[in-house]
Amino acid sequence: MIINHPLLGPRDAQEFTYLGDAALINRPDWTSENALREFHDYLHLRDNPAGEHRELWFHEQGDRSWLVVTRNTVTHEISKVELACDVARASGRSTGRDEGQVA
Amino acid sequence: MGYSGLRLIKEALTGHKGWGPQWRDASPQDAYDYVIIGGGGHGLATAYYLAKEFGGARIAVLEKGWIGGGNVGRNTTIIRSNYLLDGNEPFYEFSLKLWEGLEQDLNYNAMVSQRGILNLVHSDAQRDAARRRGNAMILNGSDAELLDVDGVRKMYPFLNFDNARFPIKGGLLHRRGGTVRHDAVAWGYARGADRRGVDIIQNCEVTGFRIEGGRVLGVETSRGYIKAGKVGVSVAGSSSRVMAQAGMRLPIESHVLQAFVSEGLKPFIPGVITYGAGHFYCSQSDKGGLVFGGDIDGYNSYAQRSNLPVVEDVIESGMSLIPGLGRARLLRGWGGIMDMSMDGSPYIDKTHIEGLYFNGGWCYGGFKATPAAGYCFAHLLKTDRPHDTAKAYRLDRFMTGHMIDEKGMGPQPNLH
């Protein structure tokens with residue numbers, strides 16, 4: 001598989017390590033009433049679709065950036081690659097630095 | 001009619017006209033007491049034991065393609081009972097005992113061959129871990145022997161003993177482990193179930209569940225609606241897809257695992273060898289082909305095919321353990337979809353929907369578990385209580401903190 005890195009261009013998937021579903025970006029709020037249940041679901045349950053899947057890849061043997069790759073799990077075709085930090089910011093998540101690590 | 005030497009002679013003398021099909025090609029009835037989804041090893045074994053041991057009445061096995069076409073036909077055929085943890089080892093020991101009596105029980109030649117499995121160790125720490133696991137195995141009624149390097153050399157003189165980075169220091173030998181003819185397991189269970197009245201319905205894909213008031217009433221299929229008293233799902237790599245139809249999210253990711261076989265060679269590997277320094281294991285089939293495999297590809301996949309990076313990785317590991325492997329030509333490689341769980345251990349459990357039961361999350365260890373998984377799942381379906389050896393395989397164990405993490409990897413399925 002070739003992953004088209006937004007900054008570095010096409011790279012062999014072998015340079016990356018895989019974490020899993022991009023939903024892992026959205027960490028639950030630990031102060032919430034149902035934090036225990038939410039963290040259980042966040043850590044252990046997966047949609048695991050056959051078809052389009054947004055997932056986190058880490059460019060370990062490269063620039064060490066996290067990417068959100070949209071890939072078809074049946075054909076392995078990659079349709080979109082974004083920087084994970086862009087995806088996180090676009091969804092309203094800050095870096096956490098200014099809000100006392102709450103986000 | 002049963003199979004025997006006498007029967008073979010009789011058929012040979014009468015032109016082999018009396019054999020007939022091993023199971024009926026059943027059409028779906030309107031209603032069953034038990035519907036098992038998935039005609040693989042586990043599903044067929046479940047139906048077999050449900051009919052034989054638990055007196056199950058009307059039973060159907062629904063299979064979207066043909067039976068035995070999934071992981072039971074794609075594995076590396078190894079059976080073993082060499083686990084460490086209490087939640088696992090009694091179950092796998094139960095499974096191995098069922099394997100030992102399987103052929104007589106099924107009246108079917110599954111070529112069960114207890115040729116021994118050797119887990120190699122390459123450091124003092126690994127030897128300590130092997131000794132500990134060996135003791136756990138013996139405590140649970142299995143067998144284990146710690147070999148020193150001379151003991152390994154006697155068995156397998158052609159291994160790369162003096163590799164500068166991963167020298168072989170010994171191994172843990174599990175003599176009762178071995179291999180089984182994998183397809184024959186599916187066929188044997190199918191024939192056994194069929195003879196006890198189970199309907200095996202092929203080309204019948206489940207497209208939905210009918211659930212009312214928190215209770216499952218039946219399944220929608222490509223061949224019409226089927227009413228069911230209880231529904232057991234046993235579909236390995238397709239677990240998340242099928243259970244999503246019941247509105248459930250599972251602690252499972254689907255990953256592709258590849259395996260390989262070389263051209264036929266003269267016998268030189270009598271047992272099964274596993275490499276302790278890389279993910280590689282190898283045995284030799286009765287036809288002479290070296291059967292070997294390694295790691296999963298490591299990213300979610302439903303593609304039942306092999307990919308080159310892992311081919312390279314597996315062959316490199318193999319070459320560093322058995323340099324002679326480089327002289328053999330690769331005949332075939334294939335891929336199957338593994339239901340990788342969050343702690344590397346399986347689930348055999350009820351769901352929150354009454355009458356709906358789930359068996360899955362077997363990672364790449366489902367084949368050896370086939371008899372016990374079938375038995376324990378049948379036990380659960382019939383009695384609503386988990387079998388003694390499978391009571392740790394709960395779906396809610398991450399909530400209660402009772403995970404069974406043999407390798408200590410945490411909830412990261414591609415590392416198990």
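So that the names make sense, note that chain A is the first sequence line, chain B the second, and so on, each numbered from 1.
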Item to complete: Answer with side chain, backbone, both or neither: which region of H44(A) has an atom nearer than 4.5 Å to a non-hydrogen atom of chain B?
Response: both

Discussion item. Less than 4.5 Å to any heavy atom of chain B: does that hold for the side chain of R37(A), its backbone, both, or neither?
Written reply: both

Worksheet item: If you count heavy-atom pairs under 4.5 Å between each of I337(B), N300(B), V256(B) and chain A, which one has the most?
Response: N300(B)

Discussion item. Take a 6.0 Å sphere around CG of D63(A) and say whether it holds more than 12 heavy atoms from other residues, nucleotides or ligands.
Written reply: yes

Discussion item. Using the ring centroid of each side chain, check whether Y364(B) and H255(B) are separated by less than 6.0 Å.
Written reply: no

Worksheet item: Side chain, backbone, both or neither: which part of T75(A) has an atom under 4.5 Å from a heavy atom of chain B?
Response: backbone

Worksheet item: So with a 6.0 Å cut-off around CG of L308(B), is the heavy-atom count from everything else above 12?
Response: no

Worksheet item: So what's closer than 4.5 Å to chain A heavy atoms on N307(B): side chain, backbone, both or neither?
Response: side chain

Discussion item. Out of H76(A), Q14(A), E55(A), return the one with the most heavy atom pairs under 4.5 angstrom to chain B.
Written reply: H76(A)

Worksheet item: Which residue out of Q304(B), Q412(B), M342(B) racks up the most heavy-atom pairs below 4.5 Å with chain A?
Response: M342(B)

Discussion item. Heavy-atom cut-off 4.5 Å, strictly under: side chain, backbone, both or neither for R241(B) against chain A?
Written reply: side chain

Practice prompt. If the plane angle is over 60° it's perpendicular, under 30° parallel, otherwise tilted; pick one for H5(A) and F16(A).
Written response: tilted

Fill in: Note, S239(B) side chain near Y347(B) side chain (heavy atom, < 4.5 Å)
no

Worksheet item: What part of I252(B) gets closer than 4.5 Å to chain A, counting heavy atoms only: side chain, backbone, both or neither?
Response: both

Worksheet item: Relative to each other, are the rings of H42(B) and W362(B) parallel, tilted or perpendicular (30° and 60° limits)?
Response: perpendicular

Worksheet item: So does R215(B) pair up with E354(B), basic N to acidic O under 4.0 Å?
Response: yes

